[in-house]
Amino acid sequence: MRGMRPGSLPVAGQGRQAMAVEPLIHELSKAGRRGVEFPQPDVPETPLPSSLLRDELDWPEVSEIDVIRHYTRLSQKNHAVDVNMYPLGSCTMKYNPKINEAVARYPGFAQIHPYQDPSTVQGALELMVELQEMLAEISGFDAVTLQPAAGAHGELTGVLMIRAYHELRGDTGRTKILVPDSAHGTNPATAMMAGFQVVTIPSDARGNVDLEKVRASAGPDTAGMMITNPNTLGLWDEHIREVIDVVHEAGGLVYNDGANFNAILGIARPGDLGIDIMHFNLHKTFSTPHGGGGPGSGPVGVRQDLAEFLPSPLAVRTEGADGPAFEWRQPTQGIGRLHSFHGNFGMHVRAYCYIRMHGAAGLRQVSEDAVLNANYLLANLRDRFDLAYDRTCMHEFVLSGNRQKRNGVRTLDMAKRLLDFGLHPPTTYFPLIVPEAIMIEPTETESKETLDFFIAAMRQIADEAEREPEVLTGAPHRTEYKRLDEVGANRNLNLRWSRPVEPVKEPAAAD
Ligand SMILES: *Cc1c(COP(=O)(O)O)cnc(C)c1O
């Protein structure tokens, strides 16, 4: 699927005042206009408590086509992975196969209730147990919980387990968690939320965790370390085994932030490396939608001797009278409940479908293609942008906009300009250790033609930075809304919609 090319897009917004303005859905309302007729109820009517009822409800009365057009237009104002490439580094915005959606909508999955007796939902429990087993196999762990709702939630689960593990042994002097300076902000935030102090470990000149600093920091007060491998620079840590050994020798546990798992499926298993606990982002690696597309899911895997610390309840396989049966079990040292019911079950179905559709060889191919695509982009952009760490990358890489900054163009300006090409910008200003960072992750689902389009857009932007920087500092030019005042929007949150009267003003140079 190709995006709209520059030049083919209508320039919206310009001359808005002079143009006829289409009526909005509230303005289309006519008393008595109907979109649907509800059938007569087949159950007796029961009056609602009058205290809950309002006399007046200002809802538009519109036809079905008005509603369809309203929501279709709204959907077109957003970028989505179904519209064009979404190279948002670290987030793995891969295509969400539509078969996942079809399977998640099967009535046997979509219309069950968590309060049902397990004997009536054996298929759903079997799917959860099999997904746990598949994730364990792919990652090299022994037990998996599907309960956490996102990566950050998985981190909290993992770090609370680290705390419970030390507490059970009476080892109460371990108050610190080591976190590399390239880590996602959720890592230090999680450690703090779980009651630990964060010790920041710098990166070395090749973008690895500085091994000597780990040696100097790990000690009897170390509860553990949170590490991301491959890291947020898109680099495999060259000393990962030594780092893990150092933390273990100090008596700590090692947590792996698995957001970058898409780089190593079928190639390396974190459990085999000696990692103790890890989360999976089903909405990144395993193609369930995210970024406004639906709830996430952040299962957590552990080694055998930590399995009893997992949150409860845990879906397990047992022996029934006529073969395997499935039920809920409470782990003996479990940290309790982290989510209502059993996590986001619809996402478990989607991820299960994705893994079964790919099989073992297919998952390995996913990672090989993701890494190949990232290196293809890197090879075709490295002459025009500064490169933070000059190494072969994994599934993503980090450029710096330092060269363009000399012409008064910031990374933010280049990101806004990409919107004019119908492309979602990469992650910017993260990781924090790269000035003017541009973090690009194409994923395996983009074709060579789409990658070439992205390269052409980025190279045009590099040209513009040299020749006509004002094109970039004024971007975007072709989107419905121009440059928004993001800081102002944050400080003066206003969630009520109203028709914009004047074009949105350019912000003062943002920093
Ligand atoms: C996305 C991400 C997280 C957080 O995961 P969520 O599912 O968004 O909560 C943590 N670490 C890294 C490196 C990430 O990319």
Side-chain angles (χ1 to χ4, degrees), residues 1-6 9 76-95 184-185 232-234 259 284 290-293 373-374 377-378 380-382 384-388 393 395-405 409-432 434-443 445-446 450-465 469 471-487 489-490 504 506-507 509-511:
M1 196 186 305
R2 302 301 298 269
M4 290 175 284
R5 287 155 177 283
L9 289 168
Q76 289 170 342
K77 292 185 187 197
N78 256 349
H79 190 84
V81 77
D82 287 350
V83 173
N84 208 337
M85 192 176 169
Y86 208 138
L88 193 64
S90 207
C91 293
T92 312
M93 303 296 290
K94 64 170 71 178
Y95 176 65
H184 194 271
T232 64
L233 298 163
K284 295 182 182 176
H290 66 139
N373 280 359
L377 290 187
L378 174 56
N380 282 283
L381 293 175
R382 54 177 300 148
R384 304 304 309 276
F385 297 88
D386 287 357
L387 179 58
C393 69
H395 64 309
E396 65 192 5
F397 59 98
V398 182
L399 299 175
S400 163
N402 260 350
R403 196 182 305 179
Q404 287 72 25
K405 196 177 172 188
V409 170
R410 303 289 310 268
T411 284
L412 180 73
D413 303 317
M414 297 192 274
K416 297 293 182 194
R417 180 64 172 145
L418 275 170
L419 299 173
D420 286 336
F421 295 83
L423 292 162
H424 196 284
T427 298
T428 55
Y429 300 100
F430 176 75
L432 305 177
V434 176
E436 298 294 317
I438 311 171
M439 182 198 222
I440 303 173
E441 177 178 6
T443 84
T445 56
E446 298 307 329
T450 305
L451 299 179
D452 286 336
F453 174 54
F454 179 76
I455 291 165
M458 288 293 286
R459 296 186 71 90
Q460 179 178 328
I461 287 171
D463 286 341
E464 287 170 350
V471 172
L472 300 179
T473 52
H477 304 281
R478 298 170 187 277
T479 50
E480 174 130 356
Y481 294 95
K482 301 291 170 270
R483 185 92 55 115
L484 302 178
D485 176 0
E486 287 162 18
V487 177
N490 236 321
V504 183
E506 235 353 272
D511 209 40

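Quick note: numbers below take in every heavy atom, side chains included, and nothing from hydrogens, waters or symmetry partners. Since the model is a prediction, treat every value here as computed from it, not as a measurement.
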Exam field: side chain Arg483 to backbone Ala475, donor-acceptor pair closer than 3.5 Å: yes

Would you indicate whether the side-chain heavy atoms of Asn402 and Phe385 approach each other to under 4.5 Å? no

Apply side chain to side chain donor-acceptor pair (under 3.5 Å) to Thr411 and list each qualifying residue two or more places apart in sequence or on a separate chain. Glu436

ring-ring contact (aromatic ring centres under 6.0 Å, His included) with Phe397: which residues, sequence neighbours excluded? none

Would the distance check show the side chain of Tyr429 and the main-chain N or O of Leu412 forming a donor-acceptor pair, the cut-off being under 3.5 Å? yes

How long is the straight-line distance from CD1 of Ile438 back to CE of Met458, given to the nearest 0.5 Å? 5.0 Å

With Lys94 via salt bridge (Lys or Arg N to Asp or Glu O under 4.0 Å) - residues at least two apart: Glu444

List in chain and number order the residues that pass side-chain contact (heavy atoms from CB on, under 4.5 Å) with Leu432, two or more places apart in sequence or in another chain; answer none if no residue qualifies. none

Kindly write out the residues that satisfy side chain to side chain donor-acceptor pair (under 3.5 Å) with Asp463, not counting sequence neighbours, or none if the list is empty. Arg384

Paired with Pro476, the side chain to side chain contact (heavy atoms under 4.5 Å, CB included) test is passed by just one of Leu484, Asp420, Asp413, namely Asp420

Side chains of Gln460 and Arg417: closer than 4.5 Å at any heavy-atom pair? yes

Hey, could you give me the CG/CD distance between Leu419 and Glu480, rounded to the nearest 0.5 Å? 13.0 Å

Are the side chains of Phe421 and Asn84 in touch, meaning some heavy atoms are under 4.5 Å apart? no

Applying side-chain contact (heavy atoms from CB on, under 4.5 Å), name anything that partners Asn78, two or more places apart in sequence or on another chain. none

Under 3.5 Å: donor-acceptor pair, side chain of His79, backbone of Met85: yes

First locate atom NE2 of His424, then atom CG of Leu88, and finally report the distance between them rounded to the nearest 0.5 Å. 5.5 Å

Among residues at least two apart in sequence or on other chains, which ones pass ring-ring contact (aromatic ring centres under 6.0 Å, His included) with His184? Phe430

Do Glu441 and Ser90 get their side chains close enough for a donor-acceptor pair, meaning under 3.5 Å? no

Side chain to side chain contact (heavy atoms under 4.5 Å, CB included), that's the test. Do Leu381 and Ile440 meet it? Break it down for me. CA-CA 11 Å; Leu381 293 175; Ile440 303 173; 4.2 Å; yes

Sequence neighbours excluded, which residues qualify as side chain to side chain donor-acceptor pair (under 3.5 Å) partners of Thr443? Thr445

4.5 Å side-chain heavy-atom contact, Leu418 and Pro426: yes

Listed by chain and number, what are the side chain to side chain donor-acceptor pair (under 3.5 Å) partners of Ser400, not counting sequence neighbours? none

Please confirm whether the backbone N or O of Gly401 pairs with a side-chain atom of Arg410, one donor and one acceptor, at under 3.5 Å? no

Less than 4.5 Å apart, any side-chain heavy atom of His477 and any of Val471? yes

Who are the side-chain contact (heavy atoms from CB on, under 4.5 Å) partners of Ala437, not counting sequence neighbours? Val398, Val434

Say you draw a straight line from OG1 of Thr473 to CD of Glu464; how long is it, rounded to the nearest 0.5 Å? 10.5 Å

Which distance, rounded to the nearest 0.5 Å, do you find between the CG of Leu399 and the CG of Leu387? 6.5 Å

Treating His290 as the side-chain partner and Cys91 as the backbone partner, does any N or O pair qualify as donor plus acceptor under 3.5 Å? yes

Electrostatic pair Lys284:Glu396 at N-O distance under 4.0 angstrom: no

Heavy-atom check, side chain of Pro87 versus side chain of Phe454, under 4.5 Å: yes

